[in-house]
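The structure appears right after this line, and notes come after that.
In this text, all values refer to a predicted model and were calculated from it rather than measured experimentally. Labels below follow one simple rule: chain letters A, B, ... track the order of the sequence lines, proteins then strands, and each chain is numbered from 1.
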2 protein chains.
Amino acid sequence: MGNSKLYKGSLNTIILKLLEEQGKMYGYEITQKVKELTKGELKITEGALYPALHKLEAEGLLDVEVAKVDNRLRKYYKLTEAGEKETVNRLAELEEFIRSMQNLVNPNWSIE
Amino acid sequence: MGNSKLYKGSLNTIILKLLEEQGKMYGYEITQKVKELTKGELKITEGALYPALHKLEAEGLLDVEVAKVDNRLRKYYKLTEAGEKETVNRLAELEEFIRSMQNLVNPNWSIE
DNA sequence: TTCTTATGCATAAGAATTTTATGTATATAT
DNA sequence: ATATATACATAAAATTCTTATGCATAAGAA
């Protein structure tokens, strides 16, 4: 209850941005980080996350590195060079979307 | 080209918000208004808009009124009472999403 | 020590929303 | 005449997400 929904299309950008900041992360870590950063408002489901990671990898935007910690598997993802470039584009797009929405929704707000 | 994409799920909220502001609008007018307000960044396609309007109407959030101007058909939509209440909710949800995204994407920004 | 919760991955079926491609029709500008 | 703008509509396909499963190990609670 009470958790604002995830707008479709934003997940990939969230993933890319987190990886840009954190260097490398594994799937479960991403779900927890998003929960933490948004105070529980956004919850990334596994059914959305893992296919998204696989697709980003297939597109050449992410590299994987498998590790075993405490006898449990972890797949660390990090941006490729193409991924870094694409992250810049996607973020610009998202910021543009946010600005557009603010113009529509609440022109009184300003971003600084 | 170069038009930033419409995040899925935001279209309904955009429609509701515009109707809240403008009182009543017809479909084509909505597409033009969004183009204008976002300086061409968001383009509402007809294939998305008309089904969305029909659905909002079916949900009881919109009322329709048909008019004929210059021998051309126009369907004016306006919020019902239920629509007005729902608009408040959807806008709150969208603002929450925007804030969450800003926390993820650029914590330096502030909304005032 | 058993049961639940947390950690960690994965996929498949279905739902929701959008894009793209059409189709119809009138008005206006070139 | 022809193209563009106005104005509606729907259907097929694509995209992206939710929900429901499934497997497996670790840690904490009862």
Is there a donor-acceptor pair under 3.5 Å between the side chain of [X] and the backbone N or O of [Y]?
{"X": "A:Glu29", "Y": "A:Tyr26", "answer": "yes"}
{"X": "A:Glu21", "Y": "A:Leu18", "answer": "no"}
{"X": "B:Thr80", "Y": "B:Gly60", "answer": "yes"}

Could you give the [atom1]-to-[atom2] distance, from [X] to [N], as a whole number of Å?
{"X": "B:Ile44", "N": "D:dT6", "atom1": "CD1", "atom2": "C1'", "result": "18 Å"}
{"X": "A:Lys43", "N": "D:dT18", "atom1": "NZ", "atom2": "C1'", "result": "14 Å"}
{"X": "A:Lys68", "N": "D:dT25", "atom1": "NZ", "atom2": "C1'", "result": "10 Å"}
{"X": "A:Leu56", "N": "D:dC17", "atom1": "CG", "atom2": "C1'", "result": "14 Å"}
{"X": "B:Ile30", "N": "D:dC8", "atom1": "CD1", "atom2": "C1'", "result": "13 Å"}
{"X": "B:Leu73", "N": "D:dA9", "atom1": "CG", "atom2": "C1'", "result": "11 Å"}
{"X": "B:Asp70", "N": "D:dA7", "atom1": "CG", "atom2": "P", "result": "8 Å"}
{"X": "A:Gln32", "N": "C:dT5", "atom1": "CD", "atom2": "P", "result": "16 Å"}

- Message: Closest-nucleotide mapping onto DNA chain C: is A:Tyr77 or B:Lys55 further toward the 5' terminus? I mean the 5' end.
- Response: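 Between the two, 5'-proximity favours A:Tyr77.
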
- Assign each of B:Glu46 and B:Leu49 to its nearest nucleotide of DNA chain C by heavy atoms, then name whichever residue's nucleotide is nearer the 5' end. B:Leu49

- Taking the six-membered ring of A:Tyr76, is the NZ or CZ of A:Lys24 close enough (under 6.0 Å from the centre) and on axis enough (within 45°)? yes

- Item | Pair partner, D:dA30 [Watson-Crick or wobble, under 3.5 Å] |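 D:dA30 is paired with C:dT1.
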
Please determine whether a side-chain nitrogen or oxygen atom of [X] lies at a distance below 4.0 Å from atom OP1 or OP2 of [N].
{"X": "A:His54", "N": "C:dC9", "answer": "no"}
{"X": "B:Tyr26", "N": "D:dA7", "answer": "yes"}
{"X": "B:Arg72", "N": "C:dT26", "answer": "no"}
{"X": "A:Tyr50", "N": "C:dC9", "answer": "yes"}

- Task: Check if the side chain of A:Lys8 and the base of C:dA16 share a donor-acceptor pair of N or O atoms closer than 3.5 Å.
- Result: yes

State which of [options] makes the closest approach to the side chain of [X].
{"X": "B:Asn12", "options": "C:dC9, D:dA9, C:dT17", "result": "C:dT17"}
{"X": "B:Asn71", "options": "C:dA27, D:dT25, C:dA10", "result": "C:dA27"}
{"X": "B:Thr45", "options": "D:dT6, C:dT20, D:dC17", "result": "C:dT20"}

- side chain to side chain contact (heavy atoms under 4.5 Å, CB included), paired with B:Leu61, selected from B:Lys85, B:Lys55, B:Glu81, B:Arg90: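 Testing B:Leu61 for a side chain to side chain contact (heavy atoms under 4.5 Å, CB included) against B:Lys85, B:Lys55, B:Glu81, B:Arg90 leaves exactly one candidate, B:Arg90.
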
- Name the nucleic acid region contacted by A:Arg74, choosing base, sugar-phosphate or nothing; use a 4.0 angstrom heavy-atom cut-off, strictly under. sugar-phosphate

- Message: What's A:Gly47 touching, base or sugar-phosphate or nothing? Going by heavy atoms closer than 4.0 Å.
- Response: base

- Hphob cluster co-occupancy, A:Val64 + A:Leu62, side-chain heavy atoms under 4.5 angstrom: yes

- Message: Go nucleotide by nucleotide along DNA chain D from the 5' end; which of B:Tyr28 and B:Lys75 gets its closest nucleotide reached first?
- Response: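 Of the two residues, B:Tyr28 wins.
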
